[in-house]
Amino acid sequence: MKKILKNVRGTKDILPDESYKWQYVEQRIRKIFEVYNYREIRTPIFEETELFARGIGELTDIVSKEMYTFFDKGGTSLTLKPEMTASVMRAYIQYEINKQVPLFKVYYISPMFRQERPQAGRLRQFHQVGAEAIGSQNPEVDAEIIALVLHIIESFNIENYTLKLNTVGCQNCRPAYKEVLKEYLRKFYDLLSEDSKNRLDRNPLRVLDSKDERDKTVIENAPLIYEYLCDDCEVHFNELKKILDTIGIKYELEPHLVRGLDYYTKTAFEVISPELGSQDAIAGGGRYDLLSKELGGPDVPGVGFALGVERMMLILEKNGYKFGEIPKPFVYVAYLGQDSQKFAFNIVFSLRKKMIPCEVELLNRSLKSQMKEADRQGAKFVIIVGEDELKNDKCTVRDMKSGEQFDVKLNQILEFITSKYAQEASTD
RNA sequence: GUGAGUAUAGCUCAACCGGUCAGAGCGCCAGGUUGUGGCCCUGGAGGUUGCGGGUUCGAGUCCCGCUACUCACCCCA
């Protein structure tokens, strides 16, 4: 017996009963991006490993233990993209977009890959929608990005969320703060968790968002970066808050919010939802003014966000959200006998050329089975072509909802259905 | 990578302390309607109880291993 293969761990098949929901969600999201004047960018699903290693940071969890890395036949190390920002920046630098347009506003909807242990809201292949605005250091752009992600979330009637906002400083002020923080943490070294002890020197900021109870008591009184921000960062942060206030966006300051990617500077934010399980971040993002240079590009600032599509879908399913209508044929053409088949197919293909969704019996079943099939598929009308009809040069049209039946001349059937279809479209 | 829980028909789940326990509902197929769906009735197909060992007279049920799934830690979307 042959082995039955299955989808690999942490991946999901999206079958027809689900895929229409995805199409609906993606379509709505694309519309919103258009409204904010962002254009789609599509980059390859894999890149040279070095891009992520340099862009995201060797010490991050993503790079150090979660990447799907492999060698191609030429011996080049490639990696399935674990996030999108590095790829977008790579393209930005590669095509010297800074010389073409002052501000590059793009969005993406794409699968991402991270080799983590799957759990609720966490997959190895998952989908993110996101946007990047490269070329401006103005806090207005940070605000636009935040407004955009919240607009998307709210457009799906998700009200129960919290925007957490923080600043992580920049190359001028962060180092000094790091030293102060390290010094503070060393005083309580013995009280810290093992993980935090290890991080203390390598990445002290990460200790701040530890959820370990032992760490929490220490963190509670730790010095905050707010007191150590340089003028530039402080002004930027204050401006951003002011703009958010002005456009009515509510946020919670979360001084311990530290994002897991090294390239963030200044603004960092996260949108969390209590509807999700332990993986409660539906979206996250921030500013990355050092990334371009880190990748050998020009000194260009950027800001962006990413939203987890599966996580948002979890909330929507939980809320009983209506994902539009599942596509259904308008007409099902049933027939009986060889002679009728020609007419049936003729009608179906003519209707299809008129872009009317329809189906025809393809399994040569009994009329009863065909009616059942039409019902199952949700067809509004069934056209029946049989011996009796052909003799009289007509066909029978059954309205599946009312049960009414009409005799229609064969040469008038297209017209008949077309007008029914037009009526249907106008009442929607 | 660590921990816990789960694994019976396509789906959702039953089967008391191991002893007609391999079942139900839904779905699927057929018939009741010589050419007509939905409701109803009748019947049918479909399972080596995740895989491999062990204990026992006897294992879906107990033990061990493996695998997968789920949730949590870690981290993040």
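Each chain gets a letter, A, B and so on, in the order its sequence line appears, and its residues count up from 1. These values consider heavy atoms only, across backbone and side chains, with no hydrogens, waters or symmetry-generated copies.
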How are the rings of A:Y228 and A:Y177 set relative to one another: parallel (under 30°), tilted (30 to 60°) or perpendicular (over 60°)?
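Judged by the thresholds at 30° and 60°, the geometry between A:Y228 and A:Y177 is tilted.
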Rounded to the Å, how far apart are [X] [atom1] and [N] [atom2]?
{"X": "A:R365", "N": "B:rC28", "atom1": "CZ", "atom2": "P", "answer": "11 Å"}
{"X": "A:N364", "N": "B:rG35", "atom1": "CG", "atom2": "P", "answer": "15 Å"}
{"X": "A:Q115", "N": "B:rA77", "atom1": "CD", "atom2": "P", "answer": "18 Å"}
{"X": "A:R114", "N": "B:rA77", "atom1": "CZ", "atom2": "P", "answer": "5 Å"}
{"X": "A:I272", "N": "B:rC75", "atom1": "CD1", "atom2": "C1'", "answer": "15 Å"}
{"X": "A:R117", "N": "B:rC73", "atom1": "CZ", "atom2": "P", "answer": "13 Å"}

For [X], which contact category applies under a 4.0 Å heavy-atom criterion: base, sugar-phosphate, or nothing?
{"X": "A:S369", "value": "sugar-phosphate"}
{"X": "A:A306", "value": "sugar-phosphate"}
{"X": "A:N7", "value": "nothing"}
{"X": "A:K12", "value": "sugar-phosphate"}

On a whole-Å scale, what distance lies between the [atom1] atoms belonging to [N] and [M]?
{"N": "B:rG46", "M": "B:rC64", "atom1": "C1'", "value": "33 Å"}
{"N": "B:rA77", "M": "B:rA68", "atom1": "C1'", "value": "25 Å"}
{"N": "B:rC11", "M": "B:rC28", "atom1": "C1'", "value": "11 Å"}
{"N": "B:rG3", "M": "B:rG10", "atom1": "P", "value": "33 Å"}
{"N": "B:rU2", "M": "B:rG58", "atom1": "C1'", "value": "39 Å"}
{"N": "B:rG50", "M": "B:rA9", "atom1": "C1'", "value": "14 Å"}
{"N": "B:rA45", "M": "B:rA30", "atom1": "P", "value": "15 Å"}
{"N": "B:rC26", "M": "B:rA14", "atom1": "C1'", "value": "14 Å"}

Show the nearest heavy-atom pair for residues [X] and [Y], with the distance to one decimal.
{"X": "A:V360", "Y": "A:A344", "value": "CG2-CB, 4.2 Å"}
{"X": "A:Q279", "Y": "A:A120", "value": "CG-O, 3.4 Å"}
{"X": "A:V382", "Y": "A:A374", "value": "CG2-CB, 3.5 Å"}
{"X": "A:P357", "Y": "A:Y421", "value": "CD-OH, 3.4 Å"}

Salt-bridged, A:K105 to A:E144, with N to O below 4.0 Å?
yes
Is any side-chain N of the basic residue among A:E47 and A:R90 closer than 4.0 Å to the acidic one's carboxylate O?
yes
Using OP1 and OP2 only, check whether a side-chain N or O of [X] sits under 4.0 Å from [N].
{"X": "A:K368", "N": "B:rG37", "result": "yes"}
{"X": "A:Q119", "N": "B:rA72", "result": "yes"}
{"X": "A:K372", "N": "B:rG35", "result": "no"}
{"X": "A:R9", "N": "B:rC69", "result": "yes"}

Do [X] and [Y] get their side chains close enough for a donor-acceptor pair, meaning under 3.5 Å?
{"X": "A:S273", "Y": "A:E275", "answer": "no"}
{"X": "A:R9", "Y": "A:N7", "answer": "no"}
{"X": "A:T85", "Y": "A:E132", "answer": "yes"}
{"X": "A:R122", "Y": "A:Q119", "answer": "yes"}
{"X": "A:S155", "Y": "A:K31", "answer": "no"}

With a 4.0 Å heavy-atom cut-off, tell me which residues in [range] come close to RNA chain B, sorted by residue number.
{"range": "residues 120-132 of chain A", "answer": "A:A120, A:G121, A:R122, A:L123, A:F126, A:Q128"}
{"range": "residues 330-338 of chain A", "answer": "A:L336"}
{"range": "residues 395-407 of chain A", "answer": "A:R398, A:M400, A:K401, A:G403, A:Q405"}
{"range": "residues 307-325 of chain A", "answer": "A:G308, A:R311"}
{"range": "residues 27-37 of chain A", "answer": "none"}

Aromatic contact, [X] with [Y] (centres under 6.0 Å):
{"X": "A:Y107", "Y": "A:Y36", "answer": "no"}
{"X": "A:Y321", "Y": "A:F323", "answer": "yes"}
{"X": "A:F416", "Y": "A:F406", "answer": "yes"}

Option passing side chain to side chain contact (heavy atoms under 4.5 Å, CB included) with A:F381 (candidates A:M400, A:K401, A:E424, A:K420)
A:K420
Encode nucleotides 40-45 of chain B as B, S and - characters from 5' to 3', where the letter depends on protein heavy atoms closer than 4.0 Å: B to the base, S only to sugar-phosphate, - to neither.
------
Checking A:R28 against A:F156: charged group under 6.0 Å from the ring centre and within 45 degrees of the axis?
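Relative to the ring axis of A:F156, which defines the angle, A:R28 lies inside both limits.
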Please enumerate all residues that pass ring pair (Phe, Tyr, Trp, His ring centres under 6.0 Å) together with A:Y335, with sequence neighbours excluded.
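Applying ring pair (Phe, Tyr, Trp, His ring centres under 6.0 Å) to A:Y335 gives none.
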A:Y332: ring pair (Phe, Tyr, Trp, His ring centres under 6.0 Å) partners, not counting sequence neighbours:
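For A:Y332, no residue satisfies ring pair (Phe, Tyr, Trp, His ring centres under 6.0 Å) once neighbours in sequence are set aside.
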Checking A:P175 now: which residues fulfil side chain to side chain contact (heavy atoms under 4.5 Å, CB included) with it, not counting sequence neighbours?
none
From C-beta outward on [X], which listed nucleotide comes closest to its side chain: [options]?
{"X": "A:A281", "options": "B:rG37, B:rA77, B:rG3", "answer": "B:rA77"}
{"X": "A:E387", "options": "B:rG35, B:rC28, B:rG37", "answer": "B:rG35"}
{"X": "A:P118", "options": "B:rU70, B:rA72, B:rG35", "answer": "B:rU70"}

Salt bridge (charged side-chain N to carboxylate O under 4.0 Å, His left out) involving A:E373 - partner list, sequence neighbours excluded
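Salt bridge (charged side-chain N to carboxylate O under 4.0 Å, His left out) check on A:E373 returns A:R365, A:R376.
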Set of salt bridge (charged side-chain N to carboxylate O under 4.0 Å, His left out) partners for A:R352, sequence neighbours left out
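Only A:E359 meet the salt bridge (charged side-chain N to carboxylate O under 4.0 Å, His left out) criterion with A:R352.
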Kindly compute the distance separating CD (A:E18) from CE (A:M313), expressed to the nearest 0.5 Å.
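Reported to 0.5 Å precision, the distance equals 6.5 Å.
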Fill in the dot-bracket string of RNA chain B, one character per base: . for unpaired, | for a pair to another strand, ( ) or [ ] for pairs within the strand, taking Watson-Crick or G-U pairs under 3.5 Å.
(((((((..((((.....[...)))).(((((.......))))).....(((((..]....))))))))))))....
Could you say whether A:E66 or A:G10 is positioned toward the 5' end of RNA chain B, judged by the nucleotide with the nearest heavy atom to each?
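Comparing both residues, the 5'-ward one is A:G10.
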Other residues, nucleotides, ligands: >12 heavy atoms within 6.0 Å of A:Q94 CD:
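Result for CD/A:Q94: enclosed.
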